[in-house]
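Computed from heavy atoms alone, side chains included, the values below leave out hydrogens, waters and symmetry copies. Proteins get letters first, then strands, A, B, ... in listed order; numbering begins at 1 in each.
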Amino acid sequence: MSSIDLVIGPQHPALHEPERFLFKVEGETVIDVEPRIGYVHRGIEKALENRTFVQGVYLAERVCGICNVAHSLCYVQAMEDICEVELPERAKYLRVIAHELNRIHSHILLLGVAGELLGFMTLFMLMWRDREDVMDLIERLTGNRVNSAYNVVGGVRRDIDSKLAEDLRKVMDRLYERMVRYKKVFANDPTVRARTVGVGLLSRAKAVDLCAVGPTTRGSGVKADVRDYLPYAAYEDLDFKLVSYEEGDVWARLMVRVDETLEAIELIKRSLDKMPSGPICIKPPRVIPKGEGFSVVEAPRGDLNYHVYGKGASTPDRVKIRTPTYANIPAVCEMFKGGYIADIPATLVSIDPCFACTDRVAIINVETGERRSLTIEELTRRGK
Amino acid sequence: MNGDEVVKAVREVLGSSLLEGVTVKPNRVNMVVDKGAHRRAIEALKSKFGEVHLFSIVGADLKDRLELTYNLWLYEAKIHVMLKTSLPLDGLEIETITDLIPGSTLYEREVYEMLGVLFKGHPNLKRLFLPEDWPEGLWPLRKNAKLEEVA
Amino acid sequence: MVGIPSMLKDVLSNAFRKPATIKYPFERLQPPAGFRGKHIVYWDKCIGCGVCARDCPAFAIELVEYKGRKLPIIDLSKCIFCYQCADSCPRGVIDMSPVFELATWKKEELLIKPEAEK
C-alpha cells in the first residue's frame with residue numbers, strides 16, 4: 001500500500017502553539033511523523049541579553065501566558081542562585097501560592113479543552129466556568145488575570161491580607177468538591193474512556209530515553225517531579241505527594257492532571273496555614289556578579305529550566321530557556337506511530353494544552369494530486 | 001551519594017581528560033572535560049549511576065571560545081551534573097550524543113542553528129526555529145552576529 | 001450508559017442557574033482593589049531622579065523638561081502595566097487606578113503628560 005503525506009498545522013485545533021507535523025499515513029494508520037516548529041520564535045533569549053535583570057523578569061514571564069508565574073519564578077531563582085541571596089520565609093510561601101494557583105488554572109484549561117476535543121462540550125463549559133473563580137482569585141492576588149508580574153529578585157511584590165486568605169480558603173473548598181466530581185467523570189465515563197484508554201501509548205523506557213517531562217512521563221510510571229527531587233521555594237516543608245499512573249496512555253496523562261489539581265488545592269490550604277509573618281521582599285543587588293546560575297521549576301507542563309551566565313554588569317551575558325513542551329516533542333512523535341489518524345487530536349492534547357484555532361486539515365493524495373479538506377468535526381468523528 | 005563520589009567515578013574512566021571536577025553545592029557538580037571526552041563521560045555516568053535525564057544543552061559564546069554545557073540529572077543519585085567542554089571559535093565541531101540519549105536530537109539542532117556548532121553523526125541536523133528565508137551563515141546568538149541586515 | 005446520568009445532574013441544575021454572562025457594556029464589573037489599570041501621577045512629589053525610566057521594561061517612560069523640573073511622560077501605547085515604575089520610585093509618585101477602558105481614536109491621548117494635569 002502506498003503511503004500518503006498528511007500535513008497538520010501550523011493552524012490546527014489541537015496544537016498548543018502553531019507547529020507543523022508531516023505524517024506519513026498508510027490507510028488510517030500513522031507510520032512516521034516529522035515535526036517542524038518555530039512559528040512563535042520571538043528571539044527572547046537574545047533580547048534578554050539587553051535587559052537589566054529588573055526589566056528581564058517581565059520579558060521572561062511573557063514567554064508563555066498560561067504558565068507565566070513559572071517562568072518569572074525560574075528566572076528570578078536563577079538570579080538568586082548567582083547572587084546567593086537568602087529569601088524571607090513568608091516570600092517562599094507566597095510564591096508557592098501563586099505557583100499553585102497558576103497550575104490549577106492551567107490544568108483546568110487543558111482538561112476542558114480535552115473534553116471539547118473528545119466531543120464532550122458540557123464538560124468543557126462547566127470546567128471553564130469553575131476556572132473563572134480561580135482567575136478572579138489570581139486577579140485579586142496579583143492585579144491581572146494573565147501576566148501576573150508577581151515575582152521579583154528577592155521576594156514577591158504583594159502580600160495577602162486576611163480577607164483574601166479567607167476567600168481563598170472558601171473558593172478552594174468549593175473547587176475541591178467540584179474537582180472530585182470531575183474526577184469521577186474522567187475515570188468512569190464510557191465516552192471519555194473509549195477515546196482515551198489505550199491511545200497514544202508511551203512505554204516507560206521510551207519516556208526516560210526521550211527525556212520526556214511533566215505529566216507525560218508521570219503518566220508512564222516515571223516518578224519524576226521537580227517539587228519532589230529538587231524542592232524549591234517552600235515545598236520541602238509542605239508534605240508534597242507525587243502523582244503518577246502506570247498505563248502510559250492518554251487517559252493516564254489526563255488523570256495525572258486531575259490528581260495534581262486536587263493536590264494543588266491541598267498545597268494552597270497548607271501554605272495558608274503554615275505561612276509565617278514577616279517581610280515579603282529584600283532589597284536585591286543591582287549588579288549580577290560573574291558566575292552561572294541554574295534553576296529548575298515544575299511548570300504545569302513539565303520541568304522548565306533557565307541557565308544564566310552573569311558577567312559582572314547589570315545585564316546577563318547569556319540566558320538559556322528550555323521549556324517543557326519543547327522537551328516533549330520527540331515523545332509525542334513516538335506516540336503517534338502506530339495509531340490512527342482520528343487519534344491524533346487526543347494524543348496531541350494529552351501532552352500540552354491546546355487553543356482551538358482554525359479547523360481545517362488537508363489530505364493530499366500524492367499520486368493523483370487531489371486535495372481534500374476535513375473539518376475538525378469530521379476528524380474527531382472518524383474511526384471511533 | 002554526594003558529588004565527590006560522582007567526580008571520582010568519572011575520573012576513573014577519563015583520567016586526565018577530566019580537567020576539573022568540583023562539588024559546588026550539596027547536589028550540584030561542575031565538571032570540565034577535554035574536547036571529545038564528553039561521550040565517555042556520559043557513558044560512564046549512565047553505566048554507573050542508572051537513569052540519566054538531560055535538562056538542556058547550553059551553548060554560550062564567551063568571545064575567546066564557545067562553551068557547551070550539558071546539564072544532566074542523575075535520578076538515583078539525585079545529583080545535577082554540569083558537564084562543560086570548550087570549543088575554539090574556528091573549530092566548531094563535536095560528536096553527537098543522540099545515540100546515548102535519544103532525547104537530545106532537538107537540543108543539538110537548536111545549538112547548531114543558533115551558534116553554528118556542527119554535531120557529527122546527528123541523524124537530521126536541520127534548522128529548527130528560524131524561517132526558511134533566513135540567510136545562511138548568520139548565527140543569531142553569536143556576539144558578533146549582525147542582525148540589522150535581517151531586521 | 002453508566003456514566004451519562006452523573007453529568008446529567010449537573011446539566012439539569014445548570015439549566016436553572018443564573019446565566020454566567022455579564023452583559024457588558026450595560027452591566028459592568030468593578031475590578032478588584034489593586035488592579036493594574038491606568039496610572040495616576042502625583043506630579044508635585046516627583047524629584048526627577050529617573051529611576052522609573054531606567055527600570056521600565058518596555059522603555060515607555062521618558063523624562064522631559066517642564067518648567068525647570070524633570071518630569072516623566074508615560075506612553076500608554078508602549079506600557080505593559082507591570083508597575084515596576086511605581087515599585088522603583090523612591091517617593092511614591094505613581095499609583096494605580098482601576099480604569100481599564102483606554103481605547104482612543106488619537107494616539108496623543110495615550111500619553112500621560114504634566115500639561116494635561118496642570
Salt bridge [X]-[Y], side-chain N to carboxylate O under 4.0 Å:
X: A:Lys290; Y: A:Asp317; result: no
X: B:Arg28; Y: A:Glu292; result: no
X: B:Arg40; Y: B:Asp34; result: no
X: B:Glu20; Y: B:Lys84; result: no

Quiz prompt | Residue pair A:Arg204 / A:Ser220, side-chain donor-acceptor N/O under 3.5 Å | solution =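 Judged by distance alone, the side chains do not pair up.
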At a heavy-atom separation under 4.5 Å, does [X] approach chain B through its side chain, its backbone, both, or neither?
X: A:Asp209; value: both
X: A:Tyr309; value: side chain
X: A:Ala327; value: both

Please look at [X] and chain A and tell me whether the side chain, the backbone, both or neither of the residue comes under 4.5 angstrom of a heavy atom of that chain.
X: B:Tyr107; answer: both
X: B:Ser104; answer: neither
X: B:Pro140; answer: backbone

Aromatic plane relationship, A:Phe294 with B:Phe55 - under 30° parallel, 30 to 60° tilted, over 60° perpendicular =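 Geometry flag for A:Phe294 against B:Phe55: tilted rings.
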Exercise for the section: Specify which of B:Leu100, B:Asn27, B:Asn71 makes the most heavy-atom pairs with chain A at under 4.5 Å. Expected result: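 When all of B:Leu100, B:Asn27, B:Asn71 are compared, B:Asn71 has the most.
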